[in-house]
Protein chains: 2
Amino acid sequence: MSESDTREKLLTVAARLFHEQGYAATGISTILREAKVNSGSLYYFFPTKEALLLGVLDQYLDRLEPEVLRPAFEKTNDPIERIFAVLGGYRQMLQMTGCAMGCPIGNLALELSDSYPGVREKLAGLFRAWCDGIQRCLDEAADRLPDHVDRGMLAQFVLTVMEGAMMQARAHRSLDPYDASMAHLKSYFDRLLAGA
Amino acid sequence: MSESDTREKLLTVAARLFHEQGYAATGISTILREAKVNSGSLYYFFPTKEALLLGVLDQYLDRLEPEVLRPAFEKTNDPIERIFAVLGGYRQMLQMTGCAMGCPIGNLALELSDSYPGVREKLAGLFRAWCDGIQRCLDEAADRLPDHVDRGMLAQFVLTVMEGAMMQARAHRSLDPYDASMAHLKSYFDRLLAGA
DNA sequence: GTCTATATATTGATAGAC
DNA sequence: GTCTATCAATATATAGAC
């Protein structure tokens, strides 16, 4: 196994465990066991557990465009439908995990925004990048939206609804709250687009 | 100090620390030190750390009506304004903590929905109770809302937006995302109320 | 870069006197 | 109900040979 394979494997396993169990609840020893890597190797690449987390967050940023946004955008050419295609992707993730796991970024944001400043900044950067993707869609649909709408703020609202909806779906172990919130978001968009 | 004073103090300190640091990141020893209580006393009242958490959640449910809903409802008689008064209360909490702490229930929901079944159910119960409070307002305003609106789902949407907005405020350490999302929620309500 | 062995602190929880 | 002392397990991290 090449050097960077080990690094990648550690990032993959750590990302999965942080997502499944949370950061604090995931022990280094569990990561080592599941990645089949020894302690010395992990600490060769990542001096601390926090550094490993930062690596995981960097990886999420790298994968946002190719694995989250682009696949959804490819489903349709209508910019507003593209936004709801992204939201549909998260619904699929909920469905596949029985509404157990939620958004990996959102989970970490509420678990440890405060604890580590560097982590908080990276999480904020991830949210900003996600919103940028949504805003690109909104900008494309600018002529269909009322003039007074701040498209950056509207993108932020879309993220807000998505994260809140995933939280509710997870807490209730049901897609219903997610679908209900998506329906209202859709209704809001319909009204915005109609009353331009 | 009377027996139940000790229990109350443990619940108060544990609630604060779980809110500030998260559940997994909060050690029993820290709770004992800050509550000035000895190990034996804690385990007399709560057989495990999880039981202590369940106690904290029970306390949150007890205090929802008197400390969250009623104070907000007393600020105005208009049922829709009452909803936004509740949301304003959370804004105040964000402001007082420099956007550091977020919603105690939401934080716990994303940290440990999956880990402990009993905990997840109590969290879901808390969310349901909160939504019930909002729905009472919506029911009062039923004649001003379009007939097709499911008021339970709309209450759920209000919670979704509130939780998502608190997450964003915390991640960005700024009230702006919270205010932006509240403005959009208000705009949605205005459109619903106008187009009844 | 990887290996094994280990250090040190802290974790949640218990025992038994009072 | 509260106290002190302590347990066994686990935590993150390190040392040093290979």
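In what follows, chains are A, B, ... by sequence order, proteins preceding strands, each numbered from 1. This one's a predicted model, so the numbers in the text were calculated from it and none came from an experiment.
B/L32 places its CG atom 10 Å from the P atom of C/dT11, with the value rounded to the nearest Å. Residue B/K9 contributes atom NZ, which lies 16 Å from atom P of D/dG1 at whole-angstrom precision. B/Y44 has its OH atom 15 Å from the C1' atom of C/dC18, to the nearest Å. Following rounding to the nearest Å, B/I31 (CD1) and C/dT11 (C1') show an atom-to-atom distance of 12 Å. Between B/L52 atom CG and C/dA13 atom P the separation is 10 Å, expressed in whole Å. In this structure, A/K49 atom NZ and D/dT10 atom C1' are separated by 12 Å, rounded to whole Å. Taking atom CG of residue A/L42 and atom P of nucleotide D/dA11, one finds them 14 Å apart after rounding to whole Å. One interatomic measurement links the two molecules: OH of B/Y43 to C1' of D/dA5, which rounds to 15 Å at whole-angstrom precision.
Taking the centre of each ring, B/F157 and B/Y188 come in below the 6.0 Å mark.
Using a distance-only test at 3.5 Å, with no hydrogens or angles considered, no donor-acceptor pair links the side chain of B/R170 to the main chain of B/C99. Between the B/E111 side chain and the B/Y23 main chain, a donor and an acceptor come within less than 3.5 Å of each other. A donor-acceptor pair is defined here as one N or O able to donate and one able to accept, closer than 3.5 Å; such a pair exists between the side chain of B/D78 and the backbone of B/I80. Of the possible donor and acceptor atoms, one in the side chain of A/H172 sits under 3.5 Å from a partner among the backbone N and O of A/Q168.
Between A/P47 and A/A25, the one whose closest nucleotide on DNA chain D sits nearer the 5' end is A/A25. Map A/S39 and B/S41 each onto its nearest nucleotide of DNA chain D; the residue landing nearer the 5' end is B/S41.
Backbone-only contact: B/G27 has heavy atoms under 4.0 Å from sugar-phosphate atoms and none from a base. If you check every strand for non-hydrogen atoms under 4.0 Å, B/T30 touches nothing. Nucleic acid contact class of A/T48 (heavy atoms, under 4.0 Å, all strands): sugar-phosphate only.
Residue side chain A/S29 does not reach the base of D/dT10 through any donor-acceptor N/O pair under 3.5 Å, judged by distance alone.
Look at B/N38 and you won't find any side-chain N or O under 4.0 angstrom from OP1 or OP2 of D/dT2.
Of all nucleotides listed (C/dA13, C/dG1, D/dC3), C/dG1 comes nearest to the side chain of A/F45. Candidate nucleotides C/dC3, C/dG12, D/dT4 were compared by shortest atom distance to the side chain of B/I28, and C/dG12 ranks first.
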